[in-house]
Amino acid sequence: MRLSRAFLPTLKETPAEATIASHRLMLRAGLVRQTSAGIYAWLPLGWRVLQKIEQIVREEQDRAGAQEILMPTIQSAELWRQSGRYDAYGPEMLRLKDRHEREMLFGPTNEEMVTDIFRGFAKSYRDLPRNLYHIQWKFRDEVRPRFGVMRGREFLMKDAYSFDVTKEGAQHSYRQMFLAYLRTFARMGLKAVPMRADTGPIGGNLSHEFIILAETGESQVFVSQDLLDMDALADAPDYGADLAPAVDAWTSHYAATEEMHDPVAWEQVPEARRVSARGIEVGHIFYFGTKYSASMGLSVQGSDGKPVVPEMGSYGIGVSRLVGATIEANHDEAGIKWPDAVAPFKAVVINLKQGDSGCDALSERMYAAIPEALYDDRTERAGPKFADADLMGHPWQVVVGPRGAANGVVELKRRATGEKMEVSPEDALKKILG
RNA sequence: CGGAGCGUAGCGCAGUCUGGUAGCGCAUCAGUCUGGGGGACUGGGGGUCGUGGGUUCGAAUCCCGCCGCUCCGACCA
């Protein structure tokens with residue numbers, strides 16, 4: 001994409017409403033534009049990141065055996081009355097009426113709907129297990145939206161729902177998602193820590209939160225360094241095998257949020273290995289048994305001919321929140337430092353002298369050779385180009401200036417480290433594409 | 001939901017206390033010069049002062065209602 005024609009509006013000054021780093025940078029780098037309290041429009045740069053994250057989530061869900069569907073944002077109140085949650089959910093649920101005065105709602109989550117869909121098809125224990133997920137916009141009418149997309153009212157979420165015949169089967173489904181989540185966040189360049197969680201209003205009795213560490217996180221967390229040293233991508237799980245050992249390896253180390261913190265157990269962790277930090281919740285998984293299947297009349301015929309009420313779990317990832325969380329974990333004073341996997345552009349080619357034949361030719365050549373490159377072909381001076389490149393946070397900056405063009409070299413800058421090197425165009429491409 | 005604050009040009013703000021017909025920086029447009037970290041000069045354009053009402057000869061400014069947004073706390077994917 002050529003910057004001279006792109007809709008990538010950056011701001012020199014920070015809009016007054018933004019107080020935390022990710023919100024400030026998302027507005028300044030032109031990722032989003034706020035349209036109401038807690039509601040955002042996604043501009044090209046932000047939308048690209050959102051799609052990158054979504055795609056990683058999708059690939060890891062599919063790999064773990066979940067199947068993608070797409071359920072609507074608007075739901076009928078009738079469905080929620082069946083589970084008893086229509087009255088229980090409270091003012092966080094946005095309720096509306098259609099022209100026939102039928103009560104509707106903008107879905108804050110989809111347990112009822114997916115159970116309704118599933119019960120329409122599943123008749124036999126042979127139809128289980130299944131895990132269905134979708135990536136869809138949710139609305140929760142937060143009392144106080146804040147921190148930009150990190151606590152918005154409308155947000156993009158991946159939510160998966162598993163159906164199993166037995167508790168053991170449900171545990172297996174839970175573990176599949178547990179491991180899939182670790183891989184998902186690791187691929188995004190984030191260090192996510194699973195922590196035992198309170199089950200909250202969704203119910204059930206087995207739950208973990210996935211929290212990434214960032215200085216500006218909203219909750220206090222306590223975690224053993226041993227857990228932080230583990231590599232989620234070390235070996236790909238065999239999702240069909242017994243996953244208990246793999247999950248146990250992760251849950252055997254101490255990790256807790258402030259609410260679940262156990263000072264006595266914490267004392268058992270060697271002092272040098274204790275890490276006390278701030279965290280941002282980016283995922284949450286639950287096993288909740290037959291809470292919805294029972295209340296909504298989902299049952300299948302078992303191998304003995306008798307009805308079985310499926311065991312369920314639900315698994316959420318805050319996709320839009322991850323954009324903010326990634327920035328919280330990867331930025332400096334000048335701007336964003338995108339991890340390669342989610343960067344909106346792989347590299348920016350900065351032409352320092354637009355109109356100079358040498359610079360133009362070399363820049364065009366670099367631009368053509370790099371897939372997903374942004375080309376800063378504006379007739380700006382060097383200052384604004386460098387500033388915007390740092391602000392937008394492209395992993396690589398390919399700087400083409402008159403001197404370099406004459407000598408056949410470019411300057412390559414790695415945004416994450418600040419490292420700069422003068423290299424031949426070929427070596428630059430090798431590093432970027434390699 | 002308790003407490004506090006803010007709405008004036010695209011963004012950041014001054015002007016409001018003490019009423020007299022709207023200003024600064026950045027951005028933007030035209031031109032000239034410049035050309036490796038948000039450059040300089042010259043000349044332009046752009047504002048229902050959130051909104052409705054009231055007071056007044058006269059309201060961005062005073063009074064009342066409403067709307068929107070933000071911050072702190074409680075709550076929460």
Side-chain angles (χ1 to χ4, degrees), chain A residues 9-20 23-24 27-28 30 33-40 89-93 107-111 135-160 181 197-202 207-211 218-219 257 259 279-286 314-322 324-325 333-335 350-356 359 376 378-392 397-406 409-411 413 418 420 422:
Chain A
T10 58
L11 301 171
K12 234 162 125 175
E13 286 172 294
T14 305
E17 72 266 19
T19 54
I20 65 161
H23 191 196
R24 210 163 53 227
L27 293 170
R28 281 197 56 211
R33 153 110 194 243
Q34 180 170 342
T35 61
S36 299
I39 303 180
Y40 294 83
Y89 212 92
E92 234 185 52
M93 184 153 76
T109 179
N110 286 64
E111 280 84 3
I135 299 171
Q136 177 62 290
W137 293 93
K138 305 290 187 294
F139 196 96
R140 295 185 193 174
D141 201 356
E142 292 278 341
V143 211
R144 192 185 157 207
R146 63 189 123 166
F147 306 142
V149 299
M150 302 253 284
R151 182 163 303 285
R153 293 193 292 170
E154 188 182 52
F155 57 96
L156 188 61
M157 177 175 170
K158 186 284 300 182
D159 39 325
Y181 274 34
D198 208 353
T199 52
I202 292 192
S207 175
H208 284 89
E209 288 179 0
F210 289 78
I211 293 184
E218 41 182 333
S219 54
T257 57
E259 306 81 62
I280 301 167
E281 182 186 341
V282 290
H284 202 155
I285 60 178
F286 302 88
S314 77
Y315 316 90
I317 289 179
V319 176
S320 49
R321 170 180 285 186
L322 272 166
E333 276 308 301
I350 300 177
N351 184 343
L352 285 185
K353 196 163 186 184
Q354 189 70 24
D356 175 280
C359 285
D376 193 343
R378 296 174 300 175
T379 53
E380 290 286 345
R381 295 162 60 93
K385 292 194 175 192
F386 288 135
D388 275 343
D390 286 346
L391 175 60
M392 288 193 270
Q397 295 174 14
V398 181
V399 183
V400 179
R403 290 197 296 271
V409 296
V410 299
E411 182 180 293
K413 176 178 166 183
K420 292 178 189 172
E422 288 233 319

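Only this structure's heavy atoms are used, side chains among them; waters, hydrogens and symmetry mates stay out. Chain letters run A, B, ... following the sequence lines, proteins first, then strands; residues in each count from 1.
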Under 3.5 Å: donor-acceptor pair, side chain of A:Gln34, backbone of A:Ser36: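 Yes; judged by distance alone, with no hydrogens or angles, the pair exists.
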Heavy-atom donor-acceptor pair, A:Lys385 side chain to A:Asn351 backbone, under 3.5 Å: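 At least one qualifying donor-acceptor pair exists.
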Please classify the nucleic acid contact of [X] as base, sugar-phosphate, or nothing, using heavy-atom distances under 4.0 Å.
X        : answer
A:Ala37  : sugar-phosphate
A:Glu281 : sugar-phosphate
A:Lys158 : nothing
A:Thr10  : nothing
A:Arg153 : nothing

Across all strands shown, which nucleotide pairs with [N] by Watson-Crick or G-U wobble geometry, both distances under 3.5 Å?
N      : result
B:rC13 : B:rG23
B:rG7  : B:rC67
B:rU32 : B:rA40
B:rA60 : none

Nearest to the side chain of [X] - [options]?
X        : options                : value
A:Arg381 : B:rG37, B:rG35, B:rA77 : B:rG35
A:Val143 : B:rC76, B:rG38, B:rA74 : B:rA74
A:Pro384 : B:rC71, B:rC76, B:rG38 : B:rG38
A:Arg151 : B:rC76, B:rG12, B:rG36 : B:rC76
A:Arg146 : B:rA77, B:rC71, B:rU70 : B:rC71
A:Glu92  : B:rG39, B:rA77, B:rC76 : B:rC76

Whole-Å P distance, B:rG39 and B:rC26: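 Nearest-Å result for B:rG39 against B:rC26 at atom P: 9 Å.
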Are [X] and [N] close enough that a side-chain N or O sits under 4.0 Å from OP1 or OP2?
X        : N      : answer
A:Arg144 : B:rC72 : yes
A:Lys12  : B:rC26 : no
A:Gln34  : B:rU70 : yes

Full working for side chain to side chain contact (heavy atoms under 4.5 Å, CB included) between A:Asp159 and A:Lys138: CA-CA 10 Å; A:Asp159 39 325; A:Lys138 305 290 187 294; 2.8 Å; yes
Just how far, in rounded Å, is [atom2] of [N] from [atom1] of [X]?
X        : N      : atom1 : atom2 : answer
A:Glu142 : B:rU70 : CD    : P     : 13 Å
A:Asn110 : B:rA77 : CG    : C1'   : 13 Å
A:Asp388 : B:rG37 : CG    : C1'   : 11 Å
A:Met150 : B:rC76 : CE    : C1'   : 14 Å
A:Trp137 : B:rA77 : CH2   : C1'   : 14 Å
A:Asp376 : B:rG37 : CG    : C1'   : 13 Å

Base of B:rG38 and ring of A:Phe386 stacked, centres under 5.5 Å, planes under 30°: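 Taking the rule of under 5.5 Å and under 30°, the ring of A:Phe386 does not stack on B:rG38.
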A:Arg146 side chain near A:Thr19 side chain, heavy-atom distance below 4.5 Å: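 No; the side chains remain at least 4.5 Å from each other.
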Pair A:Asp376-A:Gln354, side-chain donor/acceptor within less than 3.5 Å: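 No - no donor-acceptor pair under 3.5 Å links their side chains.
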